[in-house]
Structures are given as structure tokens and as C-alpha cells.
Amino acid sequence: MNIRAIAARALGPVIGRKESLNTALPRALQQCLEGDRALLQQICYGTMRSLPRLSCFAQQLLKKPFKPQDQDLHALVLLGFYQLLEMRVPAHAAISETVEAAAQLNKGWAKGLLNALLRNLQREQETLFEQLAEQPEFHYNHPQWMISKLEHNWPDNWQDILIQNNQQPPMTLRVNQQKTSRDAYLQELHDADITASATPYSAVGIQLDSPVDVAILPGFAYGYVSVQDEAAQLSSALLDLQPGQRVLDACAAPGGKLCHILEHQASLEQVTAIELEANRATRIEENLSRLNLDAQVIIADAATNSWWDGIQYDRILVDAPCSAAGVIRRNPDIKHLRQSEDIKALAEIQLSILKNCWQLLKPGGRLLYATCSVFPQENERVVERFSKIHMDARHLPIDAEWGTERPFGRQLFPQPQGHDGFYYAVLLKDQN
């Protein structure tokens, strides 16, 4: 099966909003030769990153939409468009390989349609660009609801956020302080001819000039570094970890922040990780194992305390499930999978987790609320609502050079060749 057919089978369920790219792509990668995997990833990620714009082209050229059972063909059209518009694949090769993929999907009847659509785009590209240029979804390459919400929430920043969402993110590492120092590891990278620099805000972060396979990173297999965005690396310092403390990571998968907690303070009494989904908890165990770290991992709902042993924690990290609107450049399918109504529902889940975890925090303890979202409804407004109903909660402003101070917490926006979008708020529990 050719790469385009494999890509179409992977993207069909994503376009049909039945799966995420993170779920669909690993299966697809197993179906192709190792030498073809980079091309497959490029096609899948690129198509999803450009999906709003590609869909505008499809709406102009298609006489009627594809049936639900033909989402793979819909995906084939879109990835064909992506190749013609944004890849360096020769046009004749992109067209012939994409048309042939229809037969490999057992839908040979669609070859003529695919050929006509791709050649029409090739011929009419300039005219179509002129016709679509004024449409916000085409211009900004985002769904209309997301454009409108960002413009309303961030009148001074919304266009920059949209621009950054369409870029490819940098590759950033977190140095394991238990194994080496940042300066020492930067030298190892230099010796390995990997160009990198220290991150400006995280004391243990390193940003690579160009992404590389983790297999060539010095000491990666032995836990010297982990791949983690700089914004996510800020959590451990904000927790103010001290020796002998009990710490809870309430929504822990895939375990990056959990492992950083253990690296940051090696003398904690106990660290507990809660994760709702067993398959995601497997990622936590894998990361702990590679880094030779230890934590109690429990499969449970962070909005309930049926799993709790009754002993309160000194520090709690609530990295709440969210829209992930701050990490769209790493997960471009979010633009398609998320809907406007999701934000309100997510905010209710976030508040319920926050309320439950507050009971588990010792008087005098510190809770760090975090999301990888840029929507205030999931961030400062959740913390504000919580603070109004918990009189023993005191919001602690974050004094930092990064992000933007808000009435509650601090907001980071995705930066050019820098950190992702993220949000943090620190809450202290009164002693009495």
C-alpha cells in the first residue's frame, strides 16, 4: 500500500472526528517501511495543520460532500491538495500517487474524481486564492469559532496566537538535574554536532536549532534528558518543592511534569500520580522507568477521592484536562476536533477536579493549577470561580519574567521559536 493510502486511512477517522492524530498515526506508522515514516508523518501533520484552508478549497471544487463512509476519500483529496500546495513533491507524482491510492483503498471508482479535483486545483490555484482570500477561515487557517473567541478574549494578541498556531514548534529538552547539568549537556550536544541553546525561562531547558531523533541525543536512553516544552518545565519551580513533602500530580499522563517533580526535588517523602485512563498511565510508567524514578501511579478520577488514603498532601499539581488550545502547533488536529461548546464543558470538569483536590491539600499547602490552553474560560475564570466559593484559598500572584499577569494566574502565549501557550495559577491554603 502506498504512503498516500496509508495516510488517508489514518486521517479519515480524524477528519470524521472519531479519533485524534495521536491515536491514529502510530498505527499507520507500523504499516509502512521505516524509510517512509518521515514522509507519512509530514503528510499527516501537514494536512491537519492546513486543514481549514484545504477544506475551503474542497468546498469550492467539490459539487457535493463525501458520504460518512468515504472519509478516507475525503482525506485523500485533502492530502493531495496539501502536496500540491505546500510540499516539494513534483505535481505529476503527487497526482498520480494520490489517484492510485484510491484503488488501494478499494475505491477505484473515485480515481476519475480525484484526478479531476487535483488537476482543477493545479490549474485554478491563483483564482481560488483570490476568491478565498477574504474568508477568515482561509486567511487565518483556523475554524471561525476559534478565531472569534480568540479575538474576543485577547484583542491585542489574537492574530499573533493564530500565526504561531500555524507554525512548526521547536524541539525542547529538559535536563535531568540528578544526572547532569545544563551546561555540561550543552557541551555534549556541541560535541555531537547538535546545535542548541539554553532556554530563557526554564533553568533546565535546552532548545535545539532543529529537531532530531531522540535516539541520537547523548544519554537519552539513560535518562539524561527528556523532551518537554519550556512552558511545561516551569511547573516544578512554581510548586516550591521541599524535602520530606508529600506531592500529588492529579492528572499525570504522560508524566513529563511528574518526572520533573522527582528530578527537581530528590528528597520528597512520597509522590502520587493519578490518571483516569489506563492506556495513558502506561506512558507514565515508561517515562518513570527510563529516568529510573519512582512514584505511586493510581488509575482513578481526580474529581473523586475514592482512591485517597486520607493523608493530605503538601503540594498538589492540577494539570487539568483542557482544550489544548495553547499547543495547537504540536497537535494541529485540535483545530478540527475541538468545538466551541467543548470549552464550557471542560471548564466544569476543571472546576470539579480543583474542588476535589482542594480537600486533599494540607492547611498551609500549595496547589498549582495549570492548563495548556489560552482560553480564559478554562484558566483564570475557573480559578476565580473556585476562589469565590473557597474562603480558605488565597491566590498568590506569580512574579516572573515570562507570560502575562492576569487577575488570577499568569498566561503564556505560543512564541516564535519559543515556548507553547500555557497557564499557571498558584493557590495557598490558609492554616486555619
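Both backbone and side-chain heavy atoms feed into the values below; hydrogens, waters and symmetry mates do not. One-based numbering along the sequence shown.
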Treating K257 as the side-chain partner and A232 as the backbone partner, does any N or O pair qualify as donor plus acceptor under 3.5 Å?
no
If we ignore hydrogens and angles and just use 3.5 Å, is the side chain of N331 paired with the main-chain N or O of D333 as donor and acceptor?
no
With ring centroids as reference points, do F375 and Y423 lie under 6.0 angstrom apart?
no
To the nearest 0.5 Å, atom CZ of R37 lies from atom CD of Q30 at 7.5 Å
Which atom of A215 lies closest to which atom of D213, heavy atoms considered:
N-OD1, 2.8 Å
Specify the closest pair of heavy atoms between L346 and P321, including all atoms of both residues, with the distance to one decimal.
CD2-O, 4.1 Å
Donor-acceptor pair, R329 side chain versus Q167 backbone, under 3.5 Å?
no
Under 3.5 Å, is there a donor-acceptor pair between the D392 and W358 side chains?
yes
Hey, does the side chain of R182 reach the backbone of G205 with a donor-acceptor pair shorter than 3.5 angstrom?
yes
Candidate pair Y140 and Q159, rule side chain to side chain donor-acceptor pair (under 3.5 Å), full reasoning:
CA-CA 8 Å; Y140 291 111; Q159 289 177 307; 2.9 Å; yes
Do the non-hydrogen side-chain atoms of L11 and L78 ever get within less than 4.5 Å of each other?
no
Against the six-membered ring of Y82, is R53 placed for a cation-pi contact (under 6.0 Å from the centre, within 45° of the normal)?
no
Q83 side chain to L79 backbone, donor-acceptor under 3.5 Å
yes
Judged by modelled atom types alone, do Q350 and T371 share a side-chain donor-acceptor pair under 3.5 Å?
no
Where V318 and A250 come nearest, the two heavy atoms and their spacing
CG2-CB, 4.2 Å
Passing option when N165 is tested against H142, R49, R330 for side chain to side chain donor-acceptor pair (under 3.5 Å)
H142
Just checking, is any N or O donor in the side chain of Q411 or E380 under 3.5 Å from an acceptor N or O on the other one?
no
Assign the ring pair W307 / Y313 to parallel, tilted or perpendicular, where the plane angle (0 to 90°) is split at 30° and 60°.
tilted
So, taking the atom named NZ in K355 and the one named NE2 in H390, what distance separates them when rounded to the nearest 0.5 Å?
7.0 Å
Atom pair CD1 (I389) and CZ (F386), whose distance is rounded to the nearest 0.5 Å
7.0 Å
Which atom of L54 lies closest to which atom of T47, heavy atoms considered:
CD1-O, 3.7 Å
Is it true that a side-chain atom of R246 and a backbone atom of I311 form a donor plus acceptor pair closer than 3.5 Å?
yes
Can you find a heavy atom in the side chain of V204 that is under 4.5 Å from one in the side chain of Q228?
no
Output yes when E275 and R283 qualify as a salt bridge under the 4.0 Å nitrogen-oxygen rule, no when they do not.
no
Without hydrogens or angle criteria, can the side chains of K179 and N292 be said to hold a donor-acceptor pair below 3.5 Å?
no
For the residue pair D314 and L361, what are the closest heavy atoms and their distance?
O-CD1, 3.7 Å
Mind checking whether H264 and H260 have parallel, tilted or perpendicular rings, split at 30° and 60°?
perpendicular
Donor-acceptor under 3.5 Å (R315 side chain, L239 main chain)
yes
Atom pair OG/CD of S202 and Q207 - distance to nearest 0.5 Å:
11.5 Å
Going by heavy atoms in the side chains, are Q339 and P143 under 4.5 Å from each other?
no
Evaluate side-chain contact (heavy atoms from CB on, under 4.5 Å) for I261 paired with L268, printing each intermediate quantity in order.
CA-CA 9 Å; I261 286 169; L268 297 169; 3.7 Å; yes
Check whether any side-chain N or O of Q377 sits under 3.5 Å from a backbone N or O of A347 as a donor-acceptor pair, and report yes or no.
no
Can you tell me if Q245 uses its side chain to pair, donor with acceptor, with the backbone of V271 under 3.5 Å?
no
L76 side, atom CG; L118 side, atom CG - distance, nearest 0.5 Å
8.0 Å
Measuring from Y369:OH to F408:CZ, what's the distance to the nearest 0.5 Å?
13.5 Å
I want to check something: taking the side chain as every heavy atom from C-beta on, are L217 and L189 in contact at a cut-off of under 4.5 Å?
yes
Any side-chain to backbone donor/acceptor pair from T304 onto D301? Under 3.5 Å, distance only.
yes
Is the closest basic N to carboxylate O distance between K344 and E348 below 4.0 Å?
no
With a 4.5 Å cut-off on side-chain heavy atoms, are I284 and D249 touching?
no
Side-chain contact test, heavy atoms from C-beta onward, threshold under 4.5 Å: evaluate it for L337 versus D342 and give yes or no.
no
In sequence, state the C-alpha distance, the side-chain angles, and the governing distance for V247 and Q265, and then conclude on side-chain contact (heavy atoms from CB on, under 4.5 Å).
CA-CA 11 Å; V247 180; Q265 178 50 260; over 6 Å; no
Restricting to non-hydrogen atoms, name the atom on L150 and the atom on W158 that form the minimum distance, rounded to 0.1 Å.
O-CB, 3.4 Å
Checking L288 against V297 for the side-chain contact (heavy atoms from CB on, under 4.5 Å) test, could you report, in this order, the C-alpha distance in whole Å, the side-chain angles of both residues, the deciding distance, and whether it holds?
CA-CA 10 Å; L288 288 169; V297 181; 3.9 Å; yes
Close side-chain approach of H395 to L427, heavy-atom, < 4.5 Å:
yes
Is any side-chain heavy atom of L291 less than 4.5 Å from a side-chain heavy atom of S226?
yes
Would you kindly say whether D191 and Q187 are connected by a side-chain donor-acceptor distance under 3.5 Å?
yes
